[in-house]
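What follows is one structure encoded as structure tokens, with my remarks underneath.
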Amino acid sequence: MFGNFDFDVIRRALPYLFLDGMTFTLTLTALSALGGITLGTLIAMMRLSGLRLLGRIAGLYVDFIRSLPLVLVIFWFYFLVPYIGQWLTGAARPIKVGAFASSLITFIMFEAAYFSEIMRAGIQSISRGQPAAAQALGLTYSQTMRYVVLPQAFRNMLPVLLTQTIVLFQDTSLVYVVSIPDFLGAASIVGERDGRLVEMYLFAALVYFAVSSVASFGVRQLQARIAIVR
Amino acid sequence: MIEISHVSKWYTPLFQALKDCTTSVAKGEVVVVCGPSGSGKSTLIKCVNALEPFQEGSISIDGIKVNDPKTNLPKLRARVGMVFQHFELFPHLRISDNLCLAQEKVLGRAHDEAAAKGMKLLERVGLKEHAGKFPAELSGGQQQRVAIARALAMDPIAMLFDEPTSALDPEMISEVLDVMVDLAREGMTMMVVTHEMGFARKVAHRVIFMDRGEIVEDAPKEDFFGKPRSDRAQRFLSKILSH
């Protein structure tokens, strides 16, 4: 059945696929995860701050983002960001935002909603005695969060955060809607050019599968190690 | 040193945890607070350093009002050591770092100075060789001794103990009490919520008995153990001293 397939097209496209496509995908994944976890932690802290208004705003944000399909957000954001930038800076024309910057902002804002729920669970998993002990020693609220609560919350939630990052790695392929050549985009460009879409999509699926499986295995190993330390 | 006057606290409008509690702890005095569970003794001691808010009355430490919104609470808390029932060491930090954290972040001590102070106190509670371990690697009694050392590292003017031996296995209680007895004999101002009447007999100056949120009895140790005035205190004592 593979008789008509030309797998050599993959070999010839390897440098482009990995040096351009995969580099973009991994960079976007890493930066989005970093930004998403940072923003998500802030949102989680807002929700748990006990300040009604802050909590309400954060809650609305999370619910709003989680009720939208990611593709739609990427799409709209790509077209809206130049105008939002124009409005913010008061420029005469829509400002130019690169495809990378636009998708990075989208992913950070989108993933922050999911990461915030993970961090909220992480913060809530810390017993109330811990912040009480920190405060009894004279630490301020922000010091208590920074040195006592958040480090423990991160540690407890690390496997879940990484699993969400693997999902994010797969989700970055959705930037195809704005024609950005990530790994999948690069594969489809080559496939369409050479008329070898099936081969390229098969190969892309294999690579996503391999990377995600290896990463999941790593997370499980890590989980086991953390479980022993405690 | 610690002045508690007419403190009342409600958890809900219907549930009053503390009813018009008035007492004090003088400098160098050791006061033991006892009473049946749910009597409000832990709540009261947590009110002293404002870990629990209260609605009426006032508490002051060394002349500084705890329930004044203008009071810098972290600064005040840093001067009062507190030891908890469940130790509350920071599990992600080594013992030595548990001792250093607040010294550095709150008092602004240099790391070397804080570490040296920490080691001295660890030696005092007999745990110097455990400095590099994590809390989970220590027994309950050892963890509680570290917790006491951590509080002492801040050079507190008074120490609050909230049932420090209640979560311990029986054979570990004495190692913690020994440290506390030494501390009391050195003249530390202490307020101790405990059921350990042996400790109270040994070092307490006064004993406070609480029931249903009220201070029922507040008497010098000799009077309390000799002839408690209230029925409730008598019944409580007969129950816990009979075995």
Side-chain angles (χ1 to χ4, degrees), chain A residues 37-38 40-41 44-45 48-55 115 118-162 219 222-230, chain B residues 42 45-46 48-53 72-94 97-109 114 133-137 143-144 146-147 149-156 158-163 167:
Chain A
I37 289 172
T38 309
T41 303
M45 281 166 66
L48 297 172
S49 66
L51 301 172
R52 260 265 184 73
L53 185 69
L54 273 184
F115 281 125
I118 297 172
M119 284 312 293
R120 188 160 74 123
I123 293 170
Q124 282 175 329
S125 74
I126 311 298
S127 80
R128 285 192 49 182
Q130 285 286 307
Q135 284 175 339
L137 283 165
L139 268 69
T140 60
Y141 174 79
S142 54
Q143 287 175 326
T144 300
M145 283 314 248
R146 181 169 161 200
Y147 298 115
V148 176
V149 176
L150 287 182
Q152 292 184 59
F154 269 117
R155 177 169 306 199
N156 292 352
M157 287 297 127
L158 194 60
V160 192
L161 291 171
L162 289 174
V219 171
L222 184 81
Q223 210 161 8
R225 255 187 53 199
I226 290 178
I228 290 167
V229 172
R230 272 204 263 136
Chain B
S42 279
I45 203 169
K46 281 178 183 149
V48 170
N49 63 356
L51 285 181
E52 288 278 0
N72 183 340
L73 273 181
K75 208 170 165 188
L76 184 62
R77 287 180 182 135
R79 300 173 63 203
V80 183
M82 183 151 194
V83 176
F84 296 82
Q85 183 177 0
H86 297 286
F87 332 134
E88 304 299 351
L89 295 181
F90 306 132
H92 61 299
L93 299 177
R94 292 179 193 281
D97 294 327
N98 262 279
L99 287 152
C100 285
L101 181 69
Q103 288 191 69
E104 290 173 31
K105 304 302 173 195
V106 178
L107 301 180
R109 287 182 184 150
K133 290 187 182 170
F134 284 97
E137 297 173 84
Q143 288 192 51
Q144 193 62 299
V146 171
R150 182 175 70 176
L152 291 175
M154 304 295 284
D155 294 319
M159 287 283 284
L160 309 172
F161 293 85
D162 183 11
E163 305 207 29

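Just the heavy atoms: all of them, side chains too, but no hydrogens, waters or symmetry mates, feed the values below. Chain letters run A, B, ... following the sequence lines, proteins first and then strands; every chain starts at 1. The structure presented is a predicted model; accordingly, all values stated were derived computationally and were not measured.
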Counting heavy-atom pairs under 4.5 angstrom with chain A, the leader among B:Asn49, B:Leu89, B:Val80 is B:Leu89
Under 4.5 Å, heavy atom to heavy atom: which of residues 123-131 of chain A reach chain B? Give them by number, or say none. A:Ser127, A:Gly129, A:Gln130
Need one label for B:Leu160: side chain, backbone, both or neither, based on atoms under 4.5 Å from any heavy atom in chain A. neither
Between NZ on residue B:Lys75 and CG on residue B:Leu73, distance to nearest 0.5 Å: 12.5 Å
Heavy atoms, side chains only, cut-off 4.5 Å: are B:Met82 and B:Lys46 in contact? yes
The reported gap from CG in B:Asn98 to CD in B:Glu88 (rounded to nearest 0.5 angstrom) is 11.0 Å
Check: A:Asn156 side chain, A:Gly122 main-chain N or O, donor-acceptor pair, under 3.5 Å: no
Quick check for you: to the nearest 0.5 Å, what is the distance between B:Lys133 atom NZ and B:Arg94 atom CZ? 11.5 Å
Under a 4.5 Å heavy-atom cut-off, does chain A meet the side chain of B:Val83, its backbone, both or neither? neither
Once you round to the nearest 0.5 Å, how far does CD of B:Gln144 lie from NE2 of B:His86? 10.0 Å
CG on B:Leu51 to CZ on B:Phe84, rounded to 0.5 Å: 5.5 Å
Please look at B:Phe90 and chain A and tell me whether the side chain, the backbone, both or neither of the residue comes under 4.5 angstrom of a heavy atom of that chain. both
If I take atom CG from residue A:Leu48 and atom CG from residue A:Leu54, how far apart are they, to the nearest 0.5 angstrom? 11.5 Å
Under 4.5 Å from any heavy atom of chain A - which part of B:Arg150: both
